[in-house]
Number of protein chains: 2
Amino acid sequence: MASRTKKDKEIVSSPVSMADLARELGVSMTTISRALSDHHSIGPATKLKVQKLAKKLNYQPNHLAAALRKGKSKLLGVVVPYIEGRFFPSVVHGIETVARKAGYSVVMCQSNEDAAQERHNIDTLLNAQVAGILVSLARTTNDFRHFDKVRRRGIPLVFFDRVMTGDDVNAVVLNDRAGAYQSTRHLLEQGCRRIAHFTGPQHLNIYQTRRQGYLDALQSYSIAPDEELIAYFDMSQEQGAEEMARLLALPNPPDAVFAAGDSSILGALQYLKSQGLRVPEDVALAGFSNEAFTSITEPMLTSVDQRCEEMGQAAVRLFLELVESKGTPFSQRQVVLQPELFVRGSSLHTPATGASPKKKAAVEQHS
Amino acid sequence: MASRTKKDKEIVSSPVSMADLARELGVSMTTISRALSDHHSIGPATKLKVQKLAKKLNYQPNHLAAALRKGKSKLLGVVVPYIEGRFFPSVVHGIETVARKAGYSVVMCQSNEDAAQERHNIDTLLNAQVAGILVSLARTTNDFRHFDKVRRRGIPLVFFDRVMTGDDVNAVVLNDRAGAYQSTRHLLEQGCRRIAHFTGPQHLNIYQTRRQGYLDALQSYSIAPDEELIAYFDMSQEQGAEEMARLLALPNPPDAVFAAGDSSILGALQYLKSQGLRVPEDVALAGFSNEAFTSITEPMLTSVDQRCEEMGQAAVRLFLELVESKGTPFSQRQVVLQPELFVRGSSLHTPATGASPKKKAAVEQHS
DNA sequence: TTGTAGGCGTTATCAC
DNA sequence: GTGATAACGCCTACAA
C-alpha cells in the first residue's frame, strides 16, 4: 500500500530524493529542483503538482548535498567556552533570535575552556559546512592558528565577549573597561578606599580591560594601586573564597573587593559570612556578569550586566553584514556594547532594596 | 611564491581537494584517498609523500562530501529544551566526554521549550547528516511525528530525561518516582503532614512520575491526597511564589512543599521570607534537580540530584549500542538511573550543616 | 600496489 | 517552460 521508491527490502525507507519525484511524475530533475525552489520559469500547474507530491512522499531536501554543490549553507556555528550560568545561554538565545529571522539554523559547541577542544569544535563546524562561525574564546587559547583555516575558506568569523587580540577581527564586545570603572568608582563613592581586585589570565581581553577600568577608577581618586590587592586566579568560586581568606590575613586588609566575575565574588561572600564578617559593612563586594544568582544571595550582589542578548544579536548582525559585503574582504568591524551597573546590597553602605540600574540602555557603536 | 591551485583570482584560496593533491603528485585520487585514510594497500613511501603534501597545502578533508557519499558521519546531535542552569549543561558535558572517546563530535541545539523549534532542530541535525540524535523534549511537545523522520532514516534516536511516551523508544531516565518518594517521605519523617506539591504539565513523564512518587509517599503514611494542595503550573520562579501565596491563603495551609523542580521552590522560599515566615519551621521545602543555587540560598534547599553526568554518558552509550547492533532493528532499551536526595536546611526540623546524600551512587539497569 | 569509473543529491549551464 | 548534462568532493567496487 505504501508508496514504494527504491530498494524495498529495507525496513527503514531511504529518504526520498528529487530523482524519485522526477521519476514518479515523469519529468526531469531540473523541473523538480526549480519547482521546489519556486523558480519563475516553471508553470504554476507543474509547480503545484510537484509540491503536492513532495508533501505526499514526505520529501526532505538534503541541504547537505545542496551545500556541497553551492559551497554555502544556512547553518551558523557557535563556539562558547561553557554553557553553565546565565551569560552564555542568554547570548546564544540572542543569536538564535536574529539568526532564525534571517533563515539560519544554529548549532553550538562548547570548548570547556580547553584550546584543544576549541580547535576540534572549529573543525567540526567547518566540516558541517557552516556559513559562518561565532566564537567566544576558551580561557586557555593563546594560539590562534585554527582560526586561519576559517578565514582561508572565506567563512565569516565573528568573535564575541572573549575576542582574539589584533585589530583585523570582527568582534562584539562589552565596554569592559567602562563597566569596571563604574563598579569600582561606585565602591569608592560608598567610602571604600582599599579595594581589592579579582581577575583572570591577562591574555584574555575581558580580564585585562576590566583590570584597567579598576585602575582607572582608583586613579580618579588619586589612589595608588597596590599589587598585593590584585589577585590573579581562575575566577572560580572555591579560589575566590581562598583569595578572600588570603586578603583578610594581610596586615592591611581591604575594605572592598571588585571581581571581574561573579562566581569568585560569591566564594568571597560565603567565606566572609563563614568568618562572621558583615557584607557590606566590613567588606563591600561587587562582581561582573550579573549572573542569576546575584539576586539570590544575602545580601544580593552588586554586578555589571553584560547585555547578553544584545551581544548575541549584534554578533549575528555583524555576521550578516559580512555575508552581504562579500566583495570587500578586509572591512573589519567592532561593535562595543555599553555595560549597566546593577547596584545591590553587597556594596551599599546605605542599604537599599532591590536592584537599580545606574546607566541607561546600551548603545551600539561601530568603530 | 604561494602554491597555486585553481582559480588564483580570489583572495581567499578555495579549499584544496583530493583532486588537487592528485594532480600535484601525478597520481590518482584513489591513492590520495587511501593514503590519507591510512589504507593498508598503499606503499609507505607514497603514503608519506601524500601526507606531507597534504600538510603543506593545508588540505582540509570535506567530511560533508564523505558523509554525503557514505550516508554516515561522526557527528552526534543533541537537542535540549534549554541550557540555563546546571542540569542540561552537565548532561551535555557527560555526553561530550563519552562521545569524544568514541570519535564523535557533538553539536547541540536548544528548543527553548518550543515544539516548533524542536522540529526545526531535528531538521537541522538531519541535514547536517548526524549519525545519531539525543533529545530531551520541549515542554510544549505533544506531537511526535517529527521523530518518525529520524527513525525512517534509520538514524539512532535516544531520549533522555524528558522522554516520549510509548515503549518503542530508547531512553535514559531518572527513577523520578523513587526520587519524589524519597523526598516526600523525608518531609513526612520530619513531621510534616500537610505537604503541598508543585508540578508541571502531566504529559511530560518527569512531572507525571514525580507526582506519582509524591502520592506514593503520602499513601505510605496513610494520608489522603488533597487536590487543593497540588499546583499545576509552568514551574517558574515567579509562578512558584504566586502558588505559595495561594497555598498560604488556604483555610488549612500546608506545612511543607515538595516541588518537581528547583526554580519554583526558590520562588516559594523567597515569598515565604518576604512574608516573615520561617523555613523550615513554618513551611519546609524540598525541590528537584539539585541546581547549583540550592546551595546558595538561606537556608539551603533540599533537592533530588538527577545524576546529570551519568545521564549524558548513558545516553551516548545507548547510542553506541544502537549503532553497533544495526542488524536487530527493534531492540528498544531503557536505562534507569537512581536519584540521590540531598538533604539541606530547608527541610530539616533538626537543623544540620551542609548537604548529606541519603542514597548511594546510581545503578544502571536495563529493562 | 595503483588506477578507473560511477554515484551520493543537489544546482548551474546550456540547449531545445 | 522544460530537459540533458556536468559538476561539487569524496568513497569504493572492480579492474589492472
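Proteins get letters first, then strands, A, B, ... in listed order; numbering begins at 1 in each.
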Donor-acceptor pair, side chain of A:Thr140 and main chain of A:Glu113, under 3.5 angstrom: yes

Rounded to the nearest angstrom, tell me the gap between atom [atom1] in [X] and atom [atom2] in [N].
X	N	atom1	atom2	answer
A:Asp20	C:dC8	CG	P	10 Å
A:Met29	C:dG9	CE	C1'	7 Å
B:Leu25	C:dG3	CG	C1'	15 Å
B:His63	D:dG9	NE2	C1'	12 Å
A:Leu21	C:dT11	CG	P	12 Å
B:Leu68	D:dT12	CG	C1'	14 Å
B:Leu126	C:dT10	CG	P	14 Å

Set of side-chain hydrogen bond (donor to acceptor under 3.5 Å, both in side chains) partners for B:His203, sequence neighbours left out: none

Those residues at least two apart in sequence (or on a different chain) that pass side-chain hydrogen bond (donor to acceptor under 3.5 Å, both in side chains) with B:Ser136 are none

State which residues pass side-chain contact (heavy atoms from CB on, under 4.5 Å) with B:Ala35; sequence neighbours excluded, sorted by chain then number. B:Ile42, B:Lys47, B:Val50

For B:Thr141, give me all partners under side-chain contact (heavy atoms from CB on, under 4.5 Å), at least two apart in sequence or on another chain. B:Ala115, B:Glu118, B:Leu137, B:Ala138, B:Phe144, B:His146

Angle separating the five-pair end axes of the helix from C:dT1-D:dA16 to C:dC16-D:dG1, nearest 10°, is 40°

Which nucleotide, D:dG3, C:dA5, D:dC10, lies nearest any side-chain atom of B:Thr30? C:dA5

Whether the side chain of A:Arg69 and the base of C:dT10 hold a donor-acceptor pair under 3.5 Å is what I'd like checked. no

Strand contacts (DNA chain C) in residues 31-53 of chain A, 4.0 angstrom heavy-atom criterion: A:Ser33, A:Arg34

